[in-house]
Amino acid sequence: MIRRSLPAVNLGVVTAVRGSVVDSRFEDHLPAIYSVLRAGADRQIVIEVLAQQDEHHVRGISLTPTQGLARGMAVEDTGGPLKAPVGEAVLSRMFDVFGDPIDRGTPLSGVEWRSVHRAPPSLTRRSTKSEIFETGIKVIDVLVPLERGGKAGLFGGAGVGKTVLLTEMIHNMIGHHAGVSIFCGIGERCREGQELYEAMKDAGVLPNMVMVFGQMNEPPGARFRVGHAALTMAEYFRDDEQRDVLLLVDNIFRFIQAGMEVSGLMGQMPSRLGYQPTMGTELSGLEERIANTDSGAITSIQAVYVPADDFTDPAAVHTFSHLSGLASV
Ligand SMILES: Nc1ncnc2c1ncn2[C@@H]1O[C@H](COP(=O)(O)OP(=O)(O)O)[C@@H](O)[C@H]1O
Ligand SMILES: [Mg+2]
């Protein structure tokens with residue numbers, strides 16, 4: 001074999017494609033866990049490495065549809081994890097899980113790209129002050145007040161008004177909320193994203209708002225990571241700009257559900273009720289990053305879908321344990 005000069009990129013070959021699961025073989029350097037691989041004619045297929053099978057093989061989950069991907073195709077290791085754009089320039093924009101604008105606006109410039117995989121702040125950095133966060137909806141402020149820097153859940157079954165109540169809160173709060181608001185849409189209807197964007201534009205509150213969407217039309221990998229992308233932006237505003245952040249999530253159950261799909265696709269043994277055995281770890285990895293530090297607070301309001309109205313469902317129970325306030329819809 002003729003030794004070529006060191007290639008600038010780490011190239012591998014696709015060895016198996018099974019729905020969203022893609023196996024690839026790398027001769028020299030095995031990509032690290034969470035590395036992003038790209039394949040396809042326009043490098044449009046994005047794969048996140050989740051397992052190293054042996055010396056030469058990695059298994060990953062695709063964050064894009066895998067249509068057209070075949071065995072033998074080249075796959076490129078980008079050498080880094082999934083990244084989200086952070087900076088002033090992300091304000092008033094709408095993004096997908098890759099940090100690409102989906103609002104048909106101008107291309108993004110003047111942003112820094114940060115890994116979406118980050119550790120929660122350490123205990124010593126956390127602040128423990130307790131203040132009320134006014135929503136402007138009287139019945140909530142009197143009966144179930146929210147805490148500044150707390151996590152509140154709006155839970156209920158399908159079609160009971162979680163999204164409507166969340167939207168109502170946005171309308172009431174964003175006007176007098178001095179900080180930044182980040183809306184993260186996970187696995188819900190696509191039109192809801194569009195409607196919210198138009199409504200925020202008409203209300204003139206977009207300049208202090210960022211929207212990130214991975215709705216139900218997206219593959220499980222994208223729905224699983226979109227929350228991490230939104231949190232990375234929230235952490236930037238809290239830590240670098242020392243501003244308060246309001247993080248709205250619709251719907252956190254869909255994050256758990258996406259994790260369940262990813263886990264099943266990766267061949268893990270299901271746990272109780274078919275949920276992934278790693279549900280607690282995955283959820284706390286995300287929820288623990290929503291924290292108050294001395295630089296600023298991330299207050300979060302999350303819609304929680306309760307499957308079949310069963311409040312003992314493991315997904316609901318796990319979510320409740322992270323929340324500091326609850327409102328049943
Ligand atoms: N407070 C309300 N008053 C009247 N209709 C409501 C109210 N809340 C919700 N709805 C109706 O219920 C429908 C479903 O609400 P939605 O918020 O989308 O449910 P969820 O997000 O819980 O699945 C809405 O389209 C709306 O027509
Ligand atoms: Mg909804």
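Just follow the structure's listing: the first ligand is 1, and inside any ligand the first atom is 1.
In this structure, CG on L247 lies 10.0 Å from CD on E235, to the nearest 0.5 angstrom.
Residue pairs meeting the ring-ring contact (aromatic ring centres under 6.0 Å, His included) criterion with at least one partner in residues 286-307, sequence neighbours excluded, are F253-Y305.
In summary, the atoms of ligand 1 found under 4.0 Å from a heavy atom of G161, numbered by their order in the structure, are 8 (N), 9 (C), 15 (O), 16 (P), 17 (O), 19 (O), 20 (P), 22 (O).
Within the 2.8 Å limit, Y305 places no N, O or S atom next to the Mg ion (ligand 2).
Checked against a 3.5 angstrom limit, the closest N/O atoms of A158 and ligand 1 fall outside it. By the 3.5 Å distance cut-off applied to N or O atoms, K162 is counted among the residues near ligand 1.
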>> Pair Y34, E48 - check side-chain hydrogen bond (donor to acceptor under 3.5 Å, both in side chains), show working.
In response: CA-CA 6 Å; Y34 292 157; E48 184 177 76; over 6 Å; no

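Taking a 4.0 Å cut-off on heavy atoms, G159 registers as neighbouring ligand 1.
One side chain, E282 or T278, offers a donor N or O that lies under 3.5 Å from an acceptor on the other.
When each of Q215, Q257, E261, E218 is checked for a side chain to side chain donor-acceptor pair (under 3.5 Å) with R223, only E261 meets the rule.
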